[in-house]
Amino acid sequence: MKNYLHLLLLMASMGMFAQADRCGLDNNPMLTDEEAAFLNEYFSELDRKGFDFTGKKVLILGGSAGSRLCGKQDYFNSIKSRIEQTTLPIASSPYPLTEEEKAQTGYDAVLTFWNKVPMTRAKIKRVVRRVAEGIWEVPGV
């Protein structure tokens with residue numbers, strides 16, 4: 001039984017890696033169809049809270065405190081590397097933005113990866129303010 005589970009995980013990760021291979025080819029924050037499809041599959045419905053990545057623009061935050069803006073290339077390369085090494089997902093979470101936050105920034109969601117400190121609504125609001133005020137430069141823009 002244990003071997004079947006390993007085989008199932010390996011097969012699922014191979015399909016996911018093939019799909020991930022077409023992701024993160026640039027740092028444009030607008031997701032391609034392949035990237036959106038990958039992220040919709042990568043995150044469970046519960047994680048996404050019904051959010052669909054199709055046609056969306058995302059801010060990506062990395063670093064232990066989630067305080068470093070990153071590009072899609074860094075994000076997807078991290079995913080690809082992790083899948084190759086362990087077949088496990090990276091520590092990543094999606095945070096859809098409110099309509100007001102979208103209007104302020106032009107972005108639809110925040111993606112975090114490899115954060116040790118949990119992301120809170122207050123942190124997201126700070127990120128939104130910094131991006132809206134031009135304090136943070138988004139890679140690829």
Side-chain angles (χ1 to χ4, degrees), residues 1-2 4-141:
M1 182 68 174
K2 186 177 177 183
Y4 290 120
L5 182 59
H6 286 267
L7 183 60
L8 181 63
L9 287 173
L10 180 63
M11 289 172 53
S13 68
M14 286 189 304
M16 191 176 286
F17 182 71
Q19 190 177 7
D21 212 29
R22 296 184 303 267
C23 298
L25 301 178
D26 63 30
N27 276 326
N28 184 339
M30 179 62 79
L31 296 171
T32 65
D33 291 340
E34 290 85 4
E35 292 164 343
F38 175 83
L39 292 173
N40 282 333
E41 185 178 323
Y42 192 70
F43 294 110
S44 72
E45 183 69 28
L46 183 63
D47 288 337
R48 290 188 289 120
K49 300 170 185 80
F51 183 79
D52 183 357
F53 285 97
T54 306
K56 300 298 193 286
K57 219 173 152 180
V58 296
L59 286 167
I60 301 172
L61 300 176
S64 61
S67 58
R68 181 175 49 95
L69 277 176
C70 300
K72 288 189 313 188
Q73 289 176 323
D74 289 338
Y75 181 73
F76 284 107
N77 284 341
S78 184
I79 290 174
K80 292 173 199 178
S81 174
R82 177 74 173 203
I83 289 173
E84 281 178 346
Q85 294 171 5
T86 67
T87 71
L88 298 172
I90 64 170
S92 181
S93 298
Y95 297 92
L97 297 178
T98 66
E99 292 302 321
E100 182 182 335
E101 292 166 339
K102 289 180 197 178
Q104 289 175 340
T105 63
Y107 292 87
D108 299 290
V110 171
L111 286 174
T112 63
F113 71 114
W114 296 123
N115 299 126
K116 293 179 183 174
V117 179
M119 186 60 65
T120 63
R121 279 308 301 162
K123 280 186 179 182
I124 291 174
K125 288 179 188 266
R126 274 195 304 275
V127 169
V128 165
R129 182 180 49 79
R130 288 176 179 164
V131 170
E133 292 175 358
I135 295 171
W136 274 5
E137 265 191 57
V138 180
V141 175

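Bear in mind the structure is a predicted one, so any value in this text is a computation, not a measurement.
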Quiz item: Can you check whether Leu61 reaches Lys123 side chain to side chain, under 4.5 Å on heavy atoms?
Solution: no
Quiz item: Of all heavy-atom pairs between Glu34 and Cys23, which one has the smallest distance, and what is that distance?
Solution: O-SG, 3.8 Å
Quiz prompt | Residues which pass side chain to side chain donor-acceptor pair (under 3.5 Å) with Ser93, listed by chain and number, not counting sequence neighbours | solution = none
Exercise. Only counting residues at least two apart or in another chain, list the ones meeting salt bridge (charged side-chain N to carboxylate O under 4.0 Å, His left out) with Arg82.
Key: none
Exercise. Examine distances only and state if a side-chain atom of Arg48 and a backbone atom of Pro94 form a donor-acceptor pair shorter than 3.5 Å.
Key: no
Please tabulate, for side-chain N and O atoms in residues 127-135, each donor-acceptor pair with protein atoms closer than 3.5 Å (sequence neighbours left out).
none

Quiz item: What distance separates Tyr42 OH from Ile90 CD1, expressed to the nearest 0.5 Å?
Solution: 4.5 Å
Exercise. Scan for side-chain hydrogen bond (donor to acceptor under 3.5 Å, both in side chains) pairs involving residues 66-79, sequence neighbours excluded, and state none if there are none.
Key: Asp26-Lys72, Asn27-Gln73, Glu35-Lys72, Tyr75-Ser92, Ser78-Trp114
Quiz item: By side chain to side chain donor-acceptor pair (under 3.5 Å), which residues pair with Thr105, not counting sequence neighbours?
Solution: none
Exercise. Quick one: list whatever passes side chain to side chain contact (heavy atoms under 4.5 Å, CB included) with Glu100, sequence neighbours left out.
Key: Thr98, Gln104
Quiz item: So which pairs with a foot in residues 84-106 pass ring-ring contact (aromatic ring centres under 6.0 Å, His included), sequence neighbours left out?
Solution: none
Quiz item: Out of curiosity, Leu39 CG to Thr54 OG1, how far, rounded to the nearest 0.5 Å?
Solution: 9.5 Å
Quiz prompt | Rounded distance [0.5 Å steps], CG in Leu69 versus CD1 in Ile60 | solution = 9.5 Å
Practice problem: Indicate yes or no for a side-chain donor-acceptor contact from Asn40 to the backbone of Phe53 under 3.5 Å, with no hydrogens or angles considered. | Solution: yes
Quiz prompt | Which residues share a side chain to side chain donor-acceptor pair (under 3.5 Å) with Ser64, sequence neighbours left out | solution = none
Quiz item: When rounded to the nearest 0.5 angstrom, what is the spacing between CZ in Phe76 and CD1 in Ile83?
Solution: 10.0 Å
Quiz item: Is Lys56 reaching over with its side chain to a backbone N or O of Pro96, donor-acceptor style, under 3.5 angstrom?
Solution: no
Exercise. For Ala122, check side chain to side chain contact (heavy atoms under 4.5 Å, CB included) against everything at least two apart and list the hits.
Key: Thr120, Arg126
Quiz item: Quick one: salt bridge (charged side-chain N to carboxylate O under 4.0 Å, His left out) partners of Lys125, sequence neighbours excluded?
Solution: none
Quiz item: Taking all atoms of both residues into account, what is the closest heavy-atom pair of Gly66 and Met119, and its distance?
Solution: O-CE, 4.2 Å
Practice problem: Kindly compute the distance separating NZ (Lys102) from CG (Asp108), expressed to the nearest 0.5 Å. | Solution: 5.0 Å
Practice problem: Sorted by first residue and then second, give each salt bridge (charged side-chain N to carboxylate O under 4.0 Å, His left out) pair with at least one member in residues 109-121; sequence neighbours left out. | Solution: Glu101-Arg121
Quiz item: Under the side chain to side chain donor-acceptor pair (under 3.5 Å) test, which residues partner Asn115, sequence neighbours left out?
Solution: Thr112
